[in-house]
Amino acid sequence: MDPKLTEVSQLFDRFKAAFVRNDYSNCSNPLSQLKVLLTGFRSLPPLFEDTPNAVHELTIARDIYEHAVVLSVKLEDQDAFERDFFQLKPYYTDACNRLPPSPQEYPILGLNLLRLLVQNRIAEFHTELELLSSTALENPCIKHAVELEQSFMEGAYNRVLSARQTVPHDTYVYFMDLLAKTVRDEIAGCSEKAYDYLSLKDAKQMLLYSSDQDLLEYIKEEHPEWEIKNGCVFFQKAKESAPCKEIPSLQLINQTLSYARELERIV
Amino acid sequence: MTQDVEMKDHPTPSQSLPPPPPSTLHHLKEIASVIENGSKSNEVRRIGRAVRLTIALRRRLTAPVLAAFIDYALVPGSDPHPRLSSYLPKEDDQAMETDTATSAAQTHAKQLSPELEIYCYFVVLLFLIDQKRYNEAKDCSTASIVRLKSLNSRTVDVIASRLYFYYSYSYELTGDLAEIRGNLLALHRITTLRHDELGQETLLNLLLRNYLHYNLYDQAEKLRSKAPRFEAHSNQQFCRYLFYLGQIRTIQLEYTDAKESLLQAARKAPVAARGFRIQCNKWAVIVRLLLGEIPERTVFMQGGMEKALRPYFELTNAVRIGDLELFRSVAEKYATTFNTDRTHNLIVRLRHNVIRTGLRNISISYSRISLADVAHKLRLNSANPVADAESIVAKAIRDGAIDATLDHTNGWMVSKETGDIYSTNEPQLAFNSRIAFCLNMHNEAVRALRFPPNTLKEKESAEKRRERQQQEQELAKHIEEEDDDDF
């Protein structure tokens, strides 16, 4: 066997051992070494050369990057996640006819969708979605993310939150927690516009707080303009809906002038 | 993009069919002489005309005719001759024209012009594709591309751009588009370096088509935004470009821009390109629905499109009524159509719009309604419909889709009196957008005017003409400047 390949697999075994022990501090170092070693193989993307060990090398490289992605989630490092995912992606898209499909593929793709959702990069979310086949869309991991996006767009936030209980994979929890924060802000924004007032009890329930203390702290920090009296939260809406609107005079003048000029040109 | 979207100029038959119809071979020879003249006098226009005339002849191309033509046009000993004739089955037959012998005898001792050589590739390729011999078409086109790379002449560009198209088309027909991506990119680079704008335009479209074929929207957009842009040379290529652009923007949720591109593509496409216009309309309908607009009924009733647009018509209806149940059943009923059109994911996005429309209808009809009823009317089938309804309504209120307030303790939604819309800026904005559209249309039309040199204007004195041209130029310049300064 190729000595380079043996070196990689040994190092990878050590990495995996640390990974399984949840000893993350000892993971990063071998991982960087592994990545450097991988650059030495000519069978990997973007070269895709047909070397005798190509399939083996591709498989091990894919495995390494899959672990790297999961590790980045465990370390809660979103940038690393993005980097590792993009390195991994060619193995799914361009090497799929050389390799047997990986069991990790759908969970990781779903994880990436979830990340895009959390970072509110909806356009990219949909671009990624277009790349998936209809069988992929049926996969519970992918479906989970797709349904989350739908509920999120519709505003059915309680469905988003209840989805946390049904995560298809334990790595999803990190992103679901992040999503919960986003959802809370969304709910606060919506309630502010939709209700005149809410009782503290309802507000607490809606904003997913277990104690009044947390709720009051949140209001103080995020929405100091809300008023609390008689056990109710009043969203001061009356102020902003001032009936008197000013006329956008500058804009009107500009428009009229441009009409005049265009007409001049036509006649 | 499932249908083959081909757009061709359709020259009037009168040009090619004088009363006693001369043989196809005779026509081909005439075209060959047009090309020769064009290459000598360096007139790109003539070559373009030759290509158009060929398309008119397309249906009448047969193996013997082509074999005779190749014998006529190419020196038998030259390199491309044996290669091209190998694609044509040799059957000595009656169709062989009598005059071939004589013309072959008087062989072209002169230098073979590259235009003519490339043209021979082009006709043979057309023939192979029409005969559905796709694998041979692939070989033939690949050989022609190799030859093209070594030619650098503006008069070849016109035929070359057609060859690029058929090159990609033959690979598409056999389903190997991914193979030629690198090659197309290389060709695009070459044409860019040679300032062959028609070639660039064609190749950019082919690349976009190539990417979109595999749903690689990200790559397509990156290429599109970085590729050099210039005034379109060919209307057909421009239409395609707009269509691809519209698709990319739709996927990336830029619906307003997408709608503009798609509608423009549908309008600019020639009437004969029905398949293309149907595709444009399908996408445009969805984009308009996603924008919350309801396309007019006339869109679906356009001549020859009713049947193809039927699923989209029913979909529109479901969205218009705001009935989730109906929407679901339509989406299911036509699932195969939507999957082949690759609009399925977009239709999934529409669900949200259906809910919004339904909600708006409810809010208009009732001054006060309980959330349980809202959930029932929207037919939200979920575990906790009331809570769902509440948060959906809350979001709709925040987004300004409906004007209402929620009462949590009583669990109902109170609609506000609809204000007088004429007291707002709304009508003024609507008028402004319409006026802007009309003015823009007028400007585009002025810019698109083309004046054939010295044909009908012979009588005009030179001085007058100069004056007129100057005026036109000023006008064009003026318009261009105006476009730059936006206020």
Measure across [X] and [Y] and return the closest heavy-atom pair with its distance rounded to 0.1 Å.
X: A:Lys193; Y: B:Ile397; answer: O-CG2, 3.8 Å
X: A:Phe152; Y: B:Lys395; answer: O-NZ, 3.7 Å
X: B:His352; Y: A:Glu154; answer: ND1-CA, 3.7 Å

Notebook entry, point to check: Do any of residues 216-225 of chain B have a heavy atom less than 4.5 Å from a heavy atom of chain A, and if so, which, in residue order?
Noted result: B:Leu216, B:Tyr217, B:Asp218

Neighbours of chain B found in [range] - heavy atoms under 4.5 Å:
range: residues 128-142 of chain A; result: A:Leu129, A:Glu130, A:Leu131, A:Leu137
range: residues 197-206 of chain A; result: A:Tyr197, A:Leu198, A:Asp202, A:Met206
range: residues 105-126 of chain A; result: A:Ile122, A:Ala123, A:His126

Could you grab the distance from atom [atom1] of [X] to atom [atom2] of [Y], nearest 0.5 Å is fine?
X: A:Ser258; Y: B:Ile435; atom1: OG; atom2: CD1; value: 8.5 Å
X: B:Ser391; Y: A:Asn158; atom1: OG; atom2: CG; value: 4.5 Å
X: A:Ile266; Y: B:Asn443; atom1: CD1; atom2: CG; value: 7.0 Å
X: B:Asp388; Y: A:Ser151; atom1: CG; atom2: OG; value: 8.0 Å
X: B:Leu439; Y: A:Arg261; atom1: CG; atom2: CZ; value: 11.0 Å

Considering only heavy atoms, which portion of [X] lies under 4.5 Å from any heavy atom of chain A: side chain, backbone, both, or neither?
X: B:Ile355; value: side chain
X: B:His442; value: side chain
X: B:Val393; value: neither
X: B:Leu406; value: both

Notebook entry, point to check: Less than 4.5 Å apart, any side-chain heavy atom of A:Leu252 and any of B:Gln428?
Noted result: yes

Margin query: I'd like to know whether OH of A:Tyr259 has more than 12 heavy-atom contacts from other residues, nucleotides or ligands below 6.0 angstrom.
Written below: yes

Check: So with a 6.0 Å cut-off around CZ of A:Phe234, is the heavy-atom count from everything else above 12?
Finding: yes

Notebook entry, point to check: Is it true that A:Glu186 and B:Arg398 have a side-chain N and a carboxylate O under 4.0 angstrom from each other?
Noted result: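 Counted as a salt bridge, because a side-chain N and a carboxylate O are separated by less than 4.0 Å.
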
Item checked: Structural part of A:Leu250 lying under 4.5 Å from a heavy atom of chain B -> neither

Margin query: Looking at chain A, which one of B:Glu390, B:His344, B:Arg349, B:Glu254 has the largest number of heavy-atom pairs inside 4.5 Å, strictly under?
Written below: B:Arg349

